[in-house]
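Written out below as structure tokens is the structure these notes cover.
Below, chain A is the first sequence line, B the second, and so on; all start at residue 1.
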Amino acid sequence: MDEQPRLMHSHGVGMAGHPGLAQHMQDGTAGTDGEGRKQDIGDILQQIMTITDQSLDEAQARKHALNCHRMKPALFNVLCEIKEKTVLSIRGAQEEEPPDPQLMRLDNMLLAEGVAGPEKGGGSAAAAAAAAATGGVGADNSAEHSDYRAKLTQIRQIYHTELEKYEQACNEFTTHVMNLLREQSRTRPISPKEIERMVGIIHRKFSSIQMQLKQSTCEAVMILRSRFLDARRKRRNFNKQATEILNEYFYSHLSNPYPSEEAKEELAKKCSITVSQGGTLTVTVSNWFGNKRIRYKKNIGKFQEEANMYAARTAVNATSVSAHGSQANSPSTPNSAGELIPDQLYSSLFLYQSRYRQKPRRSPT
DNA sequence: GATGATGATTTGCT
DNA sequence: AGCAAATCATCATC
């Protein structure tokens, strides 16, 4: 069979645009069965058009018949040419997709939470990371942590099995489609690029499904996190002693209630704050002072009694230390008139300063 | 369970 | 970076 090479040679000769077909048509015994040839081509085209309407076996047989048809190479060439012309216009629509920021965010989060990425002892890495994020919580809630770990591992497992399932399905489908296209490429021209494009489309579809999985996994992790590890949920009021120490500092520094970093550390130590929610111990102290300042300022009247009490206490302490307790005032009943004045002065100074505030000065130690 | 207290977080400013 | 202010979310009390 030397038909194919001959057809290729004829390119550009004969019937414009359809050289192969033209050659073929001129091949036959001239004139008499030209009509018959036309009929033949019409039949073939009809068969191709209706091939999808037939049953599988029927179509298979028809396909085989078409493949063996002597006109097939010629038709194929024609299709190739038409394709080449149309593909040129399609090629422009090739988009280079940038990495989806949403997907990247999800990936990063899953990685950070230890759901994606390498498994390290059943998600303990994630728990450790979470613990670090919340400031290295002590042993008081280790039971909750193990609960959290277990649940996270569960999520992790579901995520991975689902992801694997999707990946497998994607691969199966891709190979299936590729086989189909290869099979079809025997009857119609399909460039490797087209197959590539189709694979790309399939992958995009599947990755959008994967994204949904990632999204819901992220949501599940967030819920779990907020349920077990959110600092706000873990909020514990300070004990009485800690509050007293902090209040003592606050009211004795009412003119400038901005403890330095060192003072904060000192206070944290004194208050034996173990549940450091925010990050470092001093952050908790900072939070307290921040809240105290704003709430004091908002409603001085409400805090007046408290202010008087602490002012009196420090005053008593001071006198008892400096003057060897010679002024025998009862500690529980302070001289109200004597203590109120400096206190009010302090508070007005604080309020004044809050407008024209300066950086808190560092303690000399 | 309604409400105020309170520790933590967020937002915006300097 | 550190703060004020607003806000959130839980705790504690009744």
Side-chain angles (χ1 to χ4, degrees), chain A residues 105 108-109 112-113 127 129-145 147-148 151 218-310 313 346-365:
Chain A
R105 236 187 25 239
N108 285 340
M109 191 196 146
E113 293 293 337
T134 48
V137 183
D140 55 332
N141 48 13
S142 61
E144 284 184 22
H145 261 193
D147 201 3
Y148 171 82
K151 289 225 159 61
C218 276
E219 274 166 24
V221 171
M222 287 313 281
I223 290 166
L224 185 70
R225 235 186 119 79
S226 68
R227 184 124 191 74
F228 284 89
L229 294 173
D230 195 333
R232 284 209 267 223
R233 285 181 182 276
K234 298 247 129 282
R235 185 170 81 75
R236 295 270 182 282
N237 289 351
F238 297 149
N239 59 34
K240 218 169 186 170
Q241 198 201 350
T243 315
E244 274 189 18
I245 291 165
L246 292 167
N247 270 322
E248 220 160 84
Y249 186 99
F250 181 79
Y251 287 112
S252 65
H253 297 75
L254 205 50
S255 60
N256 188 35
Y258 301 89
S260 65
E261 204 60 27
E262 290 93 331
K264 283 180 201 167
E265 277 171 34
E266 180 78 24
L267 284 167
K269 212 193 299 175
K270 261 203 219 166
C271 298
S272 55
I273 297 169
T274 52
V275 278
S276 69
Q277 284 95 329
T280 29
L281 291 167
T282 55
V283 169
T284 307
V285 177
S286 298
N287 284 339
W288 190 91
F289 273 91
N291 284 322
K292 190 73 186 182
R293 278 193 300 265
I294 200 75
R295 281 159 190 168
Y296 177 82
K297 203 161 76 175
K298 249 184 179 169
N299 193 351
I300 298 172
K302 201 174 71 182
F303 289 94
Q304 196 58 65
E305 205 180 326
E306 193 180 67
N308 290 341
M309 194 185 90
Y310 281 102
R313 192 180 299 184
Y346 273 145
S347 60
S348 61
L349 187 56
F350 161 49
L351 290 174
Y352 173 79
Q353 279 185 339
S354 71
R355 285 193 186 196
Y356 309 99
R357 182 164 43 85
Q358 297 170 327
K359 291 268 174 197
R361 42 174 216 278
R362 294 171 67 85
S363 72
T365 53

Nucleotide [N], atom [atom2] - distance to [atom1] of [X] in whole Å:
X      : N     : atom1 : atom2 : value
A:F289 : B:dT9 : CZ    : P     : 18 Å
A:I294 : C:dT7 : CD1   : P     : 12 Å
A:K297 : C:dC3 : NZ    : P     : 13 Å
A:R293 : C:dG2 : CZ    : P     : 12 Å
A:N287 : C:dA9 : CG    : P     : 16 Å
A:N299 : C:dA6 : CG    : P     : 14 Å

| query | By side chain to side chain donor-acceptor pair (under 3.5 Å), which residues pair with A:N291, not counting sequence neighbours? | reply |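 Not a single residue meets the side chain to side chain donor-acceptor pair (under 3.5 Å) criterion with A:N291.
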Original post:
Which residues satisfy the side chain to side chain contact (heavy atoms under 4.5 Å, CB included) test with A:T282, sequence neighbours excluded?
Top reply: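 A:T282 satisfies side chain to side chain contact (heavy atoms under 4.5 Å, CB included) with A:E261, A:K264, A:E265, A:T280 only.
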Original post:
Who pairs with A:N237 by side chain to side chain contact (heavy atoms under 4.5 Å, CB included), at least two apart in sequence or on another chain?
Top reply: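 A:R235.
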| Mapping A:K264 and A:K298 onto DNA chain C by nearest heavy atom, which one lands closer to the 5' end? |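 Taking each residue's closest nucleotide, the earlier one in sequence belongs to A:K264.
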- Query: Are A:Y249 and A:F289 close enough that their ring centers fall under 6.0 Å?
  - Reply: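 Yes; A:F289 has its ring centre under 6.0 Å from that of A:Y249.
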All salt bridge (Lys or Arg N to Asp or Glu O under 4.0 Å) counterparts of A:E306, not counting sequence neighbours: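 With neighbours one apart ignored, the set is A:K292.
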With A:E266, which residues qualify under salt bridge (Lys or Arg N to Asp or Glu O under 4.0 Å), at least two apart?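 Testing A:E266 for salt bridge (Lys or Arg N to Asp or Glu O under 4.0 Å), a comparison that skips the adjacent residues, returns none.
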Tabulate protein N/O versus nucleotide N/O from nucleotides 3-6 of chain B, keeping only pairs under 3.5 Å, one per line.
residue, atom, partner, partner atom, Å
B:dT6, O2, A:R235, NE, 3.4
B:dT6, O2, A:R235, NH1, 3.3
B:dT6, O2, A:R235, NH2, 3.1

